[in-house]
Amino acid sequence: MSRFWTLLSHLHSASGPVLMLLYPLYASAITMESPSREDDEQWLAYWIIYSFLTLSEMLLQSILEWIPIWYTVKLLTVGWLVLPQFRGAAYVYEKFVREHVRKYIGHHSSNGINVKGKSRFVKFTTPKDGEQEAY
């Protein structure tokens with residue numbers, strides 16, 4: 001029976017990186033090659049939410065280590081965010097995050113890019129008119 005629990009604990013530990021990183025990385029790479037915009041939104045939303053979750057977890061680590069089921073709750077939550085049947089990441093972004101992002105970056109132009117308030121980083125990373133990106 002102890003071998004079963006050892007195997008179960010190893011599977012539980014390995015499922016986190018697979019569910020939280022490997023599958024989303026694979027799905028994001030596939031999405032980059034697809035013409036659909038819907039799956040782009042799902043995976044961009046996932047990475048935004050996952051980054052926020054990871055940063056929050058780092059800040060609250062001393063509190064979360066006292067909650068014995070935290071890792072399991074996190075796995076279930078990330079599973080809901082990741083699985084395409086639920087499209088949880090797109091839902092959370094649409095319902096909770098989008099308004100905060102829009103308040104932060106200001107009003108958008110018709111193509112969805114904030115032309116007047118672009119940060120220096122965005123200006124630095126986007127090619128100027130007439131320039132081609134090297135791939």
Side-chain angles (χ1 to χ4, degrees):
M1 189 69 171
S2 66
R3 288 184 185 179
F4 173 73
W5 287 115
T6 303
L7 175 66
L8 194 60
S9 68
H10 286 308
L11 287 175
H12 189 261
S13 298
S15 63
V18 170
L19 184 65
M20 292 181 226
L21 294 171
L22 290 178
Y23 175 70
L25 284 169
Y26 171 76
S28 297
I30 297 298
T31 296
M32 292 293 290
E33 301 303 321
S34 77
S36 171
R37 181 172 156 80
E38 188 174 309
D39 52 358
D40 294 353
E41 291 176 3
Q42 163 66 16
W43 292 111
L44 284 170
Y46 172 76
W47 290 112
I48 290 168
I49 294 165
Y50 180 75
S51 297
F52 179 75
L53 179 65
T54 302
L55 289 171
S56 300
E57 195 174 31
M58 289 169 62
L59 292 172
L60 300 171
Q61 182 180 3
S62 59
I63 297 168
L64 293 175
E65 65 188 23
W66 287 94
I67 303 172
I69 61 168
W70 168 247
Y71 190 72
T72 303
V73 170
K74 180 181 173 185
L75 273 177
L76 291 172
T77 303
V78 170
W80 178 75
L81 291 172
V82 165
L83 292 174
Q85 297 88 342
F86 301 115
R87 293 187 40 81
Y91 175 80
V92 169
Y93 184 83
E94 194 67 37
K95 295 292 182 188
F96 303 106
V97 178
R98 175 167 280 177
E99 285 303 314
H100 296 290
V101 170
R102 286 188 173 178
K103 284 179 190 177
Y104 179 74
I105 63 173
H107 297 285
H108 295 335
S109 67
S110 62
N111 63 357
I113 299 172
N114 183 4
V115 176
K116 290 183 181 176
K118 275 188 179 180
S119 69
R120 288 184 179 173
F121 179 74
V122 173
K123 287 180 184 177
F124 176 72
T125 58
T126 54
K128 295 179 180 141
D129 291 337
E131 289 183 2
Q132 275 189 308
E133 292 185 49
Y135 289 100

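The analysis underlying the following values was restricted to heavy atoms, covering all of them including side chains, and did not include hydrogens, waters or symmetry mates.
- A distance of 11.5 Å separates CD1 in Ile69 from CG in Leu64, rounded to the nearest 0.5 Å.
- In this structure, Ile67 CD1 and Lys74 NZ are separated by 13.0 Å, a value rounded to the nearest 0.5 Å.
- Here the closest non-hydrogen pair linking Gln42 and Gly88 is OE1-N, 4.2 Å.
- If you chain together hydrophobic residues whose side chains sit under 4.5 Å apart, Tyr91 and Val97 fall into the same group.
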Just distance, no hydrogens or angles: give the donor-acceptor pairs under 3.5 Å from side chains in residues 75-87, sequence neighbours left out.
from, atom 1, to, atom 2, distance (Å)
Thr77, OG1, Val73, O, 2.8

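- By the 6.0 Å contact criterion, CD on Glu65 is enclosed, its count of non-hydrogen atoms from other residues, nucleotides or ligands being greater than 12.
- Closest heavy-atom contact between Ala45 and Ala89: CB-O, 3.5 Å.
- Between the CD1 atom of Ile48 and the CG atom of Leu53 there is a distance of 13.5 Å, given to the nearest 0.5 Å.
- Sorted by first and then second residue, the pairs that involve residues 56-77 and meet ring-ring contact (aromatic ring centres under 6.0 Å, His included), not counting sequence neighbours, are His12-Tyr71.
- The line from CG of Leu60 to CG of Leu55 is 11.0 Å long, rounded to the nearest 0.5 Å.
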Just list the side-chain donor-acceptor pairs under 3.5 Å for residues 16-30, sequence neighbours left out, or say none.
from, atom 1, to, atom 2, distance (Å)
Ser28, OG, Pro24, O, 2.7
Ser28, OG, Trp47, NE1, 2.8

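- In this structure, Arg37 pairs ionically with Glu41, as a charged nitrogen and a carboxylate oxygen lie closer than 4.0 Å.
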